[in-house]
J.: 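Just dropping this structure here.
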Amino acid sequence: MGAAMTDPPKLRLDRIGKRFDVQGAAATVAVDDFTLDIRQGEFLVIVGPSGCGKTTVLNVLAGLEQPSGGNVTIDGRQIRGPGPDRGVMFQDYALFPWHTVWGNVEFGLRHGPAGNGLDGAARQQRVKSYVDLVGLAGSETKYPHQLSGGMRQRVALARLMANEPDVLLMDEPLAALDAQTRLILQDELLRIWGQDRQPAARRTVVFITHAIDEAVFLADRVAVMTSHPGRLKAVIDVDLPRPRNDATRAMPRFQALTQHIWSLIRDEAYRATVT
Ligand SMILES: Nc1ncnc2c1ncn2[C@@H]1O[C@H](COP(=O)(O)OP(=O)(O)O)[C@@H](O)[C@H]1O
Ligand SMILES: [Mg+2]
């Protein structure tokens, strides 16, 4: 089931601008003239220094922010607000502390449009399959405070996936985790995304990180942003084979891509530390 050449891209950002008017100060141009097409099934990662507008771009795709200029579409339709075709996950995506793992994963299916048409049994089955997929079988009755950071993000991932959105929008979801847990969850994320499946059977992912090695490990393409105003500086094809694993991280090509992307943002990142 390959997409025909004439199909619109899954997501299109067409000359997006976003200006924040701040009372009593000059307006902040968070994003300027940002144009990018994202394909069905693509894993697209946006990197750039702190404050360059990454979250703003994601919020525009999520429909949580309206752009000040330009057009943003999904399957050729204008994005005017949030929708069940797009699911969002944040770094500190607060789980509901009064719900168990199971209750958190089930939440969107009980209370959101994603559960429409599912009877109780189908809903239970759906929750179970995603709890299993993220490796939380056996922890269903635990509460968030009983879980490690890595397990909490597994719950957040299962909750996101259980709604089965076409597009996963992920804003630094691994940033708060320790280095080892982060590497493990990078592997898991690719498995859950379906790197063993054909591209047409994969979900489309827009993933934000400030970690360049994470970007290269995960991405089909890396979009590099620069700041003030937030612009797209380059889009890098990551031509590393899939499935990817620890051996990928040791490849000279992995190192070369990481170095190349770092060279693109080094000056910007340096300035961000001194201004
Ligand atoms: N609601 C807002 N009001 C005013 N300025 C904002 C708002 N949201 C973001 N900004 C500014 O826009 C710029 C980009 O922010 P953001 O998209 O959060 O960057 P990043 O995610 O890359 O760190 C920053 O200068 C930030 O201070
Ligand atoms: Mg951000």
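Whatever order the structure lists them in is the order used to number ligands and atoms, beginning at 1.
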J.: Thinking salt bridges, do D37 and R39 make one under a 4.0 Å N-O criterion?
T.: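 No salt bridge links D37 with R39.
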
J.: In the protein, which heavy atom is nearest to atom 4 (C) of ligand 1, and how far is it?
T.: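 The protein heavy atom lying closest is F20 CB, 3.4 Å.
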
J.: Can you tell which of D32, T35, T226 makes a side-chain hydrogen bond (donor to acceptor under 3.5 Å, both in side chains) with R231?
T.: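 When side-chain hydrogen bond (donor to acceptor under 3.5 Å, both in side chains) is applied between R231 and each of D32, T35, T226, only D32 qualifies.
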
J.: Mind listing the closest non-hydrogen atom pair of R191 and L133 along with its distance?
T.: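 Result for this residue pair: NH2-O, 2.8 Å.
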
J.: My understanding is that only one of D166, T73, D85 makes a side-chain hydrogen bond (donor to acceptor under 3.5 Å, both in side chains) with K10; could you say which?
T.: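 Only one option passes, and that is D166.
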
J.: Which pairs, with at least one residue in residues 56-72 and sequence neighbours excluded, count as a salt bridge (charged side-chain N to carboxylate O under 4.0 Å, His left out)?
T.: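 Residue pairs passing salt bridge (charged side-chain N to carboxylate O under 4.0 Å, His left out), neighbours aside: K18-E65.
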
J.: Under 4.0 Å, counting heavy atoms only: does G230 come that close to any atom of ligand 1?
T.: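 Per 4.0 Å heavy-atom rule, G230 does not contact ligand 1.
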
J.: Tell me whether R249 is salt-bridged to D213, with the criterion being a basic N under 4.0 Å from an acidic carboxylate O.
T.: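 No, R249 and D213 are not salt-bridged.
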
J.: Give me the nearest non-hydrogen protein atom to atom 26 (C) of ligand 1 as residue plus atom name, then the distance to 0.1 Å.
T.: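 Nearest protein contact, heavy atoms only, for atom 26 (C) of ligand 1 is T28 CG2, 4.8 Å.
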
J.: Using a 3.5 Å cut-off on N or O atoms only, is A30 in polar contact with ligand 1?
T.: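 The answer is no, given that A30 and ligand 1 share no N or O pair closer than 3.5 Å.
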
J.: Is R15 atom CZ crowded by more than 12 heavy atoms from other residues, nucleotides or ligands, each under 6.0 Å away?
T.: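 Open: at most 12 neighbouring heavy atoms sit under 6.0 Å from CZ of R15.
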
J.: What protein heavy atom lies closest to atom 15 (O) of ligand 1? Include the residue and the distance to one decimal.
T.: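 Result for atom 15 (O) of ligand 1: T56 OG1, 3.9 Å.
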
J.: The test is side chain to side chain contact (heavy atoms under 4.5 Å, CB included); show your working for L189 and M170 and say whether it passes.
T.: CA-CA 11 Å; L189 183 57; M170 310 179 87; 4.0 Å; yes

J.: Considering only the protein, which heavy-atom contact is closest to atom 19 (O) of ligand 1, and what is its distance?
T.: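 Result: G53 N, 3.1 Å.
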
J.: Please determine if D75 and R77 form a salt bridge, counting it only when a charged side-chain N lies under 4.0 Å from a carboxylate O.
T.: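 Salt bridge between D75 and R77, a charged N being under 4.0 Å from a carboxylate O: yes.
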
J.: Give the single entry among V47, I208, T55, V60 that approaches atom 18 (O) of ligand 1 most closely by any heavy atom.
T.: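 Checking each option, the heavy atom nearest atom 18 (O) of ligand 1 is found in T55.
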
J.: Verify the distance criterion only: is there a donor paired with an acceptor across the side chains of Q153 and Q91 at less than 3.5 Å?
T.: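 No - no donor-acceptor pair under 3.5 Å links their side chains.
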
J.: How about the Mg ion (ligand 2), which protein N, O or S atoms come within less than 2.8 Å?
T.: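 Atoms qualifying: T55 OG1.
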
J.: So which heavy atom in the protein is nearest atom 14 (C) of ligand 1, and how far is it from that ligand atom?
T.: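 Of every protein heavy atom, G51 O, 3.4 Å lies nearest to atom 14 (C) of ligand 1.
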
J.: Look up atom 8 (N) of ligand 1 and tell me if a protein heavy atom lies less than 4.0 Å from it?
T.: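 Protein heavy atoms within 4.0 Å of atom 8 (N) of ligand 1 - there is at least one.
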
